[in-house]
Every structure is written in structure tokens, then in C-alpha cells.
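Structure record follows, encoded as C-alpha cells.
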Amino acid sequence: MATDADVRAAEIVRYPIDLSLPDGPPAFLADAADAVKQEYRNSVKWKRLRCRAVSPVVEKDGEAIFVLEIGQSIEFDWTWEGSLAFRPGDMDSFEGNGYASNGFFGPQEDAEAGAWSGEVVEVDEVNGRIFVWVSDPDCPPTTGSFFVRPFEFLAFLHSIYCDPANAELRELLPARLNACRGEIHPPTVASGQPSLPQLQGVWDHQWGVLWGPPGTGKTYTIGQQIAACLDDPSERILIVSTTNKATDEAALSCGRAARDRGLSAISDGKILRIGKSAHYSMFEEQGFLELLKGTETDLLHQISVLTKQLHKASTHEEKAVLRQQIQAFRRQMKDASFNIFTSEDVKVVLATSFKAITLLNDGEIRSAICEGSTPFTTVIIDEAGLISRATAAALSLLASRRVVLAGDPKQLAPISKISRILPTNQATWLASSALNHLR
């Protein structure tokens, strides 16, 4: 039987960092770190809610996703994506202290009676419904009181800017924070690499911008650009976006462009959309399930299918085989995103900014960057007008050759309530995007 150690890939792909961005003042890093710290401290609050009814969400391809009916409108002071819903064994004595992750309760079999935990994957704030993904559908959410812990993205961003373990990594941030303020576009060392003709100028610079209002075809153009670059053996590209929906749309755009060009990249597994919250049925309906092959979403679907078979199994022999298969898929899930994120066989990876920041905190990836190499040549930040400068600078650490910001500076700016009370020199890193200078 495979162990957890067997699941993680032995080596990660590395591209020497060749960005020559001008140095930024150390004060930029100090101010951004203080701002991130304040936002993180402000967000670490637990909201107590009461669930009136629970039911599996069949249309989302698996009984591992449940909808919790709250019965009233929900208003969070923070972004819900990436937050954790859970019920401790003893609600009355729980004080909401400490840091929680998806493994807050440890192995499910060790959880206290009545305890459950899961990731919030969607919130219907108007109708008072919370959609929760749990790793073990045999331990579903229950009615009654439970807690929701805010957006873990802030915890991971805080780690990059403030954790002593990331001190060496932070030495690279002042130059990237400086670039996020605008007007810094040094040329790439090797210009003229394969690109759409209309984007050659962007592709020939280490820090570029693809600017366009909503509906002007930015996501379509990104897909076409990816297809144009797939035959370049020197490229490996990461595309990040703000939400699961936007990331799905970018992935499907890349899939359509590759298919229209008659490329085998999709069937060869060269383009993959990682994460556990991709809309499986959308990819299925449009004929692009191969973009999810081996990802957490795909593995969750396989677990769902096997779980349904398990419920129908009539013999112990059948149940034993099915349980073994389910456990094998669960072991694969542990490092599925990491393996795809760092595999030289996958040329284009699509992820939410939350997922990318999470993986940036991985010890192996962090060490590689500190040693002068990253898993990607190019990082494309979609919907960049909605991402703070502090976040964009952190995401750019994953690029060895170029960073491309795609978006509209006139869209809604990054939302940070804490930025309203911070000094201007700190607030700018949370309340402004890397496109703000174009307004």
C-alpha cells in the first residue's frame, strides 16, 4: 500500500530566476508587512451560526459537498472563499483561539463525538446558505450551532510577509512591490519568444500589462496566447485568478484555444486546472474533463462515484475493495495539487490566487525560490485589478522570466476594511492593485 510519502513527487521543476527588476526601498516591505499583519489580525475572528438543515448537493457531483441552511441572510466582514466551517466537540467551552487549517481536528477518526469540519466553497448570502466540502462524507455537517473561520488566504499571505521562516524569501519582495506601483517594464533577456503578434510587446518584457474593460476579450486573449506558447519548450506558465468561477473560465478558454489549433496539449495533460472547487459538470458539458485529470476536483468525483457504489454494495468483499480504492484516492488528494504545480510534464497550470499562495508557502517551493529558481517561467495574474499589490507581489515570486497583469484598473479595487484606518504608506498595499497607476 502506498504511503503519504510515496504520493508526493520526488523532484520539482526549476527555472532559474532571471528577473532584473530594479530594487525597491526596504520601507516598501516594512509597510506592506505591517499592513498585512493588521489585516490578518483584524480578520482572525470566528462567526458563530446555527444550521437549521443539512443536505448533500447532488448537482455538484458528490456527497462530499453539503449545503447548510441558515435560514437568514448572512453578512461576513471578510471574503468567504477559503474559510473553514466546523463544529468542535464541545461548543460551550470553545473560545475560538488558535490557528485552524483544513486539518484542524486531525484525522477524522480522532475527532470528538459530534465534531465535523470542512472548507466553505460557496456562500449564498441572500438566502442564507453555506456550501461546505468535507474530506470524509461519512462525517457530514450536522444541524445546530457551528463556527466559520475566515479566509485562510490571509493566514498564508501573513506567513509570507511576517513569518520568520520566510525571512530569506522576503528579500525578493521589495523589487516586486516596487514594480506593483507601476511604470517598471524591463525587457526580457531573450526577446521574440513565441507569442500572439498583438502581445509580443507584453511578452518581451518582464513586467507587462494586458488592459481592457469587462467584455473586451481578455480571457479569450489569454487562452489564445497560451495556445501560441504551448510549443515553446522553454515556457511553463501559471495563470491565477480571483475566484473559482473566473479560474474555470480561464481554463476553458485555454482549452478551446488549444483545441481550435488542433494541439494535443489537452489530451497529453499539458494544461490542468488545479484545486478542489472547479465546476466539474461545466467541464464535462463542454468536453474538457481532461483539464481536470488527476486534480482534486477529479479525485473528489471519483470518490463520490465509489462512495455511491459502497452504499449499494451487498457483500463485505465488495465493500473492502471499494473502501481501499476510496482511501487510495484520498491519499492522492493530499499532494495532487503540489505534484501538478511542480511537474515538468504540465506546461500550463491554472489556479485561484488562494491556491497559488498556499503552495507558495510549501517548504520545497519556498526553498527552491530562495536558492534562485521557481516552478514557472511566466505568471499571468487575471483580474489583476481586484488583487492587492501585496498579493500580486507575493504571486510574482513564482515567476522566473515574466509577470503579466491582465485586468481593468477601473473595476472595483481590492477590498480591505482595515486599510481605511491604516497610514497611507501602509494602506496602499492592501487597497490598491498593481493596475491602479493606469487610472
Smallest heavy-atom separation, A399 atom then L19 atom, equals O-CD1, 3.6 Å
Exam field: side chain T358 to backbone F354, donor-acceptor pair closer than 3.5 Å: yes
task: Mind telling me whether F86 and F147 have parallel, tilted or perpendicular rings, with 30° and 60° as the class edges?
output: parallel
Notebook entry, point to check: Less than 4.5 Å apart, any side-chain heavy atom of L310 and any of K319?
Noted result: yes
Do the side chain of R366 and the main chain of E168 share a donor and acceptor less than 3.5 angstrom apart? no
Where does the angle between the aromatic ring planes of Y280 and H301 fall among parallel (under 30°), tilted (30 to 60°) and perpendicular (over 60°)? parallel
Heavy-atom nearest pair, A351 first then I274, reads CB-CG1, 3.7 Å
- request: Test I160 against N361 for side-chain contact (heavy atoms from CB on, under 4.5 Å), laying out the working first.
  value: CA-CA 7 Å; I160 291 170; N361 274 272; 3.7 Å; yes
Rounding to 0.5 Å, atoms NZ (K355) and OG (S353) come to a distance of 12.5 Å
- Query: Is there a donor-acceptor pair under 3.5 Å between the side chain of R176 and the backbone N or O of A394?
  - Reply: no
message = Are the side chains of V134 and P140 in contact, using a 4.5 Å heavy-atom criterion?
response = no
Here the gap from T219 atom OG1 to L252 atom CG, rounded to the nearest 0.5 Å, amounts to 10.5 Å
Can you list the steps and then say if T142 with W116 is a side-chain hydrogen bond (donor to acceptor under 3.5 Å, both in side chains)? CA-CA 8 Å; T142 57; W116 57 265; 3.3 Å; yes
Point to revise | salt_bridge(E235, R401) N-O dist < 4.0 Å | key: yes
*ring pair (Phe, Tyr, Trp, His ring centres under 6.0 Å) between F283 and F288: does it pass, once the steps are laid out?*
CA-CA 5 Å; F283 284 81; F288 287 110; 7.8 Å; no
Review point. Is there a donor-acceptor contact under 3.5 Å from the side chain of K410 to the main chain of L438?
Key: no
Main chain of G275, side chain of T297: is a donor-acceptor contact present, judged purely on distance under 3.5 Å? yes
Practice prompt. Could you please spell out the steps behind the side-chain contact (heavy atoms from CB on, under 4.5 Å) verdict for I365 and L359?
Written response: CA-CA 7 Å; I365 295 175; L359 289 164; 4.3 Å; yes
For the residue pair L360 and L395, establish whether any side-chain heavy-atom pair is separated by less than 4.5 Å. no
- Are the side chain of T143 and the backbone N or O of A53 linked by a donor-acceptor pair below 3.5 Å? no
Q286 atom CD, over 12 foreign heavy atoms within 6.0 Å
yes
Next on the checklist: Between N244 and H279, is the side-chain contact (heavy atoms from CB on, under 4.5 Å) condition met? List the steps.
Outcome noted: CA-CA 8 Å; N244 282 300; H279 199 311; over 6 Å; no
message: Do T307 and H311 have side chains that approach each other closer than 4.5 Å (heavy atoms only, starting at C-beta)?
response: yes
side-chain contact (heavy atoms from CB on, under 4.5 Å), that's the test. Do W211 and D408 meet it? Break it down for me. CA-CA 6 Å; W211 179 7; D408 178 13; 3.5 Å; yes
Does the S241 side chain pair with the main chain of T243, one donor and one acceptor, at a distance under 3.5 Å? no
Separation between CZ (F329) and CD (Q324), nearest 0.5 Å, reads 9.5 Å
L49 vs I130 side-chain heavy atoms within contact, under 4.5 Å
yes
N/O donor-acceptor pair under 3.5 Å between N127 side chain and R129 backbone:
no
Q.
Please evaluate residues T247 and R273 with respect to the criterion side-chain hydrogen bond (donor to acceptor under 3.5 Å, both in side chains), reporting the C-alpha separation (whole Å), side-chain torsions for both, the decisive distance (0.1 Å), and the verdict.
A. CA-CA 8 Å; T247 306; R273 192 292 205 211; 4.7 Å; no
Item to check | Side chains of I387 and S433 in contact at under 4.5 Å (non-hydrogen atoms) | outcome: no
| query | Looking at side-chain heavy atoms only, is the closest gap between Q332 and Q302 below 4.5 Å? | reply | no
Salt bridge present between E290 and R259 (N-O < 4.0 angstrom):
no
query: T342 versus E364: any side-chain heavy-atom pair under 4.5 Å?
result: no
Short side-chain to backbone donor-acceptor contact, E318 and T315, under 3.5 Å | yes
Review point. Within the distance-only criterion (no hydrogens, no angle test), does the side chain of S253 pair as donor or acceptor with the backbone N or O of E249 below 3.5 angstrom?
Key: no
dist L405:CG -> D382:CG (nearest 0.5 Å) comes out at 10.5 Å
What one should report as the nearest heavy-atom pair of P141 and V54 is O-CG1, 3.7 Å
